[in-house]
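I have placed the structure first, in the form of structure tokens, so that the comments after it can refer back to it.
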Amino acid sequence: MKHSLLALAIVALSAPSFAADSNVEINPPAQGSVTQAQGLQAWARVYEVASHPRCSNCHTGESDRPMWSGPSYGKTRPHGMNIRAGASRMGVETVACQTCHSTSEHTQDTNHAAPRVDMAWRLAPVEADWFGKSSHEICEQLRDPATNGDRTIMQLAEHLDHDLILHWAWNPGPGREAAPYSLQEHINDLLAWGAADTPCPEPESK
Ligand code: HEC
Ligand code: HEC
């Protein structure tokens, strides 16, 4: 994510909390202004992101094991060193994620270093289980408040912007492939899908 220093300074002065890290705009299209077909196309791109290793490696559901998958890992396998997230999803029962994924100003600067972000690194909630799931399945999960953290689509978009893990996924350091599109495009697609009343593809499509 590239900021001009000036933009950073303005954002930092005008808004507290995570906004200093953000140059994303949240502009939902008017409800109903996006056709079903356009909504499905937007969803297909949202799915490309959600199912990308930079996202799905942490969205592993009932298994409390983060995954190592994607080009930089060779074959898909559970996180090495027998890491378990436990009920806390943060590994506090065994080895805390932050032992290695430390909250830190430093970005990871060598291949295969543990990713670091300036917020607590942890596994996604059980209901947000996306790993290996189809487009239809993740679509149903993401539009249902019971499995999306009790959020409207607008709140999901705001969450994506505020979550620094997400900013990492588009700027993951050397050796790792970034999530496709950009955070801004992902948020635009999510909002377009929402404005089309969250259409989902048929169960068999992947
Ligand atoms: C002992 C150190 C250590 C601990 C503890 C640890 N990790 Fe990791 N983790 C790593 C390293 C090192 C990598 C990068 C490996 C590589 O790139 O080959 C990594 C990579 C990951 C990845 C893959 C990121 C990506 O997309 O490339 C996820 C997801 C992950 N860890 C989640 C967790 C979670 C969740 C916890 C706590 C439950 C945790 N880790 C605890 C060292 C650790
Ligand atoms: C380091 C692990 C990790 C990675 C990597 C990760 N997430 Fe998450 N995700 C989480 C956690 C933890 C939550 C719960 C946060 C909350 O509800 O405040 C979450 C929640 C979400 C939610 C809210 C919906 C729900 O069911 O809770 C969305 C949407 C989401 N993530 C999208 C993504 C996308 C898109 C990516 C990749 C660009 C991604 N995540 C990568 C850990 C991760």
Side-chain angles (χ1 to χ4, degrees), residues 1 18 24 45-61 63-103 108 110-131 133 138-187 189-191 193-194:
M1 208 121 303
F18 299 112
V24 164
R45 291 186 295 269
V46 171
Y47 175 68
E48 275 184 70
V49 174
S51 59
H52 187 274
R54 290 298 80 68
C55 306
S56 64
N57 283 347
C58 262
H59 280 256
T60 60
S63 150
D64 69 343
R65 309 200 66 173
M67 292 296 288
W68 281 356
S69 76
S72 67
Y73 290 102
K75 74 175 171 50
T76 295
R77 59 194 188 283
H79 196 301
M81 303 167 280
N82 197 28
I83 292 302
R84 316 294 307 226
S88 69
R89 309 301 271 177
M90 303 175 102
V92 294
E93 297 87 344
T94 48
V95 185
C97 308
Q98 293 202 67
T99 312
C100 305
H101 299 272
S102 55
T103 303
Q108 138 252 340
T110 53
N111 286 3
H112 297 291
R116 292 157 173 233
V117 292
D118 202 11
M119 70 186 281
W121 188 263
R122 62 193 197 277
L123 213 57
V126 176
E127 323 75 74
D129 177 9
W130 299 348
F131 195 87
K133 292 214 171 170
I138 298 182
C139 188
E140 292 286 352
Q141 285 168 276
L142 216 47
R143 69 182 179 180
D144 183 352
T147 47
N148 78 7
D150 199 19
R151 295 180 173 100
T152 63
I153 303 304
M154 188 65 186
Q155 286 167 335
L156 276 181
E158 283 163 359
H159 169 75
L160 291 174
D161 182 24
H162 289 176
D163 191 329
L164 299 187
I165 291 173
L166 274 291
H167 290 261
W168 164 82
W170 275 282
N171 188 16
R176 283 189 187 89
E177 182 182 276
Y181 308 106
S182 66
L183 178 55
Q184 180 70 66
E185 287 169 307
H186 182 58
I187 286 176
D189 282 331
L190 191 77
L191 292 170
W193 173 64

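Whatever order the structure lists ligands and atoms in, that order sets their numbers, starting from 1.
Closest to atom 23 (C) of ligand 1, if we only count protein heavy atoms, is Y73 OH, 3.3 Å. Of the protein's non-hydrogen atoms, the one nearest atom 30 (C) of ligand 2 is W130 CH2, 3.5 Å. Closest protein heavy atom to atom 20 (C) of ligand 2: H159 NE2, 3.7 Å. Of the protein's non-hydrogen atoms, H112 ND1, 2.6 Å is the one closest to atom 18 (O) of ligand 1. Looking only at heavy atoms of the protein, atom 13 (C) of ligand 2 is closest to P125 CD, 3.5 Å. With hydrogens left out, the protein atom closest to atom 17 (O) of ligand 1 is R176 NH2, 2.8 Å, a heavy atom. From the protein, the heavy atom lying nearest to atom 15 (C) of ligand 1 is W68 CZ2, 3.6 Å. At the top of the distance list for atom 27 (O) of ligand 2, counting protein heavy atoms only, stands R151 NH1, 3.6 Å. Among all non-hydrogen protein atoms, the one lying nearest atom 24 (C) of ligand 2 is N148 O, 3.5 Å.
Applying the ring-ring contact (aromatic ring centres under 6.0 Å, His included) criterion to W121, with sequence neighbours excluded, gives H101, W168.
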When the side chains of residues 76-83 are checked against the rest of the protein, which donor-acceptor pairs come out under 3.5 Å, sequence neighbours left out?
| unit_1 | atom_1 | unit_2 | atom_2 | d |
| --- | --- | --- | --- | --- |
| R77 | NH1 | Y73 | O | 2.8 |
| R77 | NH1 | K75 | O | 3.1 |
| N82 | OD1 | R65 | NH2 | 3.3 |

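Contact between A96 and ligand 1 is present, with at least one heavy atom of the residue lying under 4.0 Å from the ligand. The shortest heavy-atom distance from L123 to ligand 2 is under 4.0 Å. Using a 4.0 angstrom heavy-atom cutoff, L160 counts as in contact with ligand 2.
Side chain of T147 to main chain of Q141: a donor-acceptor pair is present (N/O by atom type, distance under 3.5 Å, no hydrogens or angles). Judged by distance alone, the side chain of T99 and the main-chain N or O of A96 form a donor-acceptor pair under 3.5 Å. Side-chain atoms of S56 do not come within 3.5 Å of backbone N or O of H59 as any donor-acceptor pair. In this structure, D144 contributes its side chain and E140 its backbone to no donor-acceptor pair below 3.5 Å. With E48 contributing its side chain and P180 its backbone, the two residues share no donor-acceptor pair below 3.5 Å. Using modelled atom types, one side-chain atom of R151 and one backbone atom of N148 make a donor-acceptor pair closer than 3.5 Å.
Around atom 8 (Fe) of ligand 2, protein atoms of type N, O or S found under 2.8 Å number 1.
For the pair W168 and ligand 1, the shortest N or O to N or O distance does not fall below 3.5 Å. By the 3.5 Å distance cut-off applied to N or O atoms, W170 is not counted among the residues near ligand 2. Residue contacts with ligand 1: R54 is placed with a nitrogen or oxygen under 3.5 Å of a nitrogen or oxygen of the ligand (distance criterion only). Every N/O-N/O distance between R89 and ligand 1 stays at or above 3.5 Å.
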Exercise. For Y181 and V46, run side chain to side chain contact (heavy atoms under 4.5 Å, CB included): C-alpha distance rounded to whole Å, both residues' side-chain angles, the deciding distance at 0.1 Å, then the answer.
Key: CA-CA 9 Å; Y181 308 106; V46 171; over 6 Å; no
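Side-chain contact check for E177 and S72: no donor-acceptor pair (N or O, by modelled atom type) lies under 3.5 Å.
At a heavy-atom cutoff of 4.0 Å, ligand 2 is contacted by no atom of E127, backbone or side chain. Neither the backbone nor the side chain of N57 has any atom closer than 4.0 Å to an atom of ligand 2 (non-hydrogen atoms only). In A50, neither the side chain nor the backbone holds a heavy atom less than 4.0 Å from any atom of ligand 2. Residue A113 touches ligand 1 through its backbone alone, judged by heavy-atom distances below 4.0 Å. When non-hydrogen atoms are compared, ligand 2 lies under 4.0 Å from neither the backbone nor the side chain of H52.
Remark: ligand 2 atoms within the under-4.0 Å shell around heavy atoms of A169 are 37 (C), 38 (C).
Side-chain contact between L183 and I187 is present, with heavy atoms from C-beta onward closer than 4.5 Å. At least one side-chain heavy atom of T152 sits less than 4.5 Å from a side-chain heavy atom of Q155.
Protein N/O/S atoms closer than 2.8 Å to atom 8 (Fe) of ligand 1: H79 NE2, H101 NE2.
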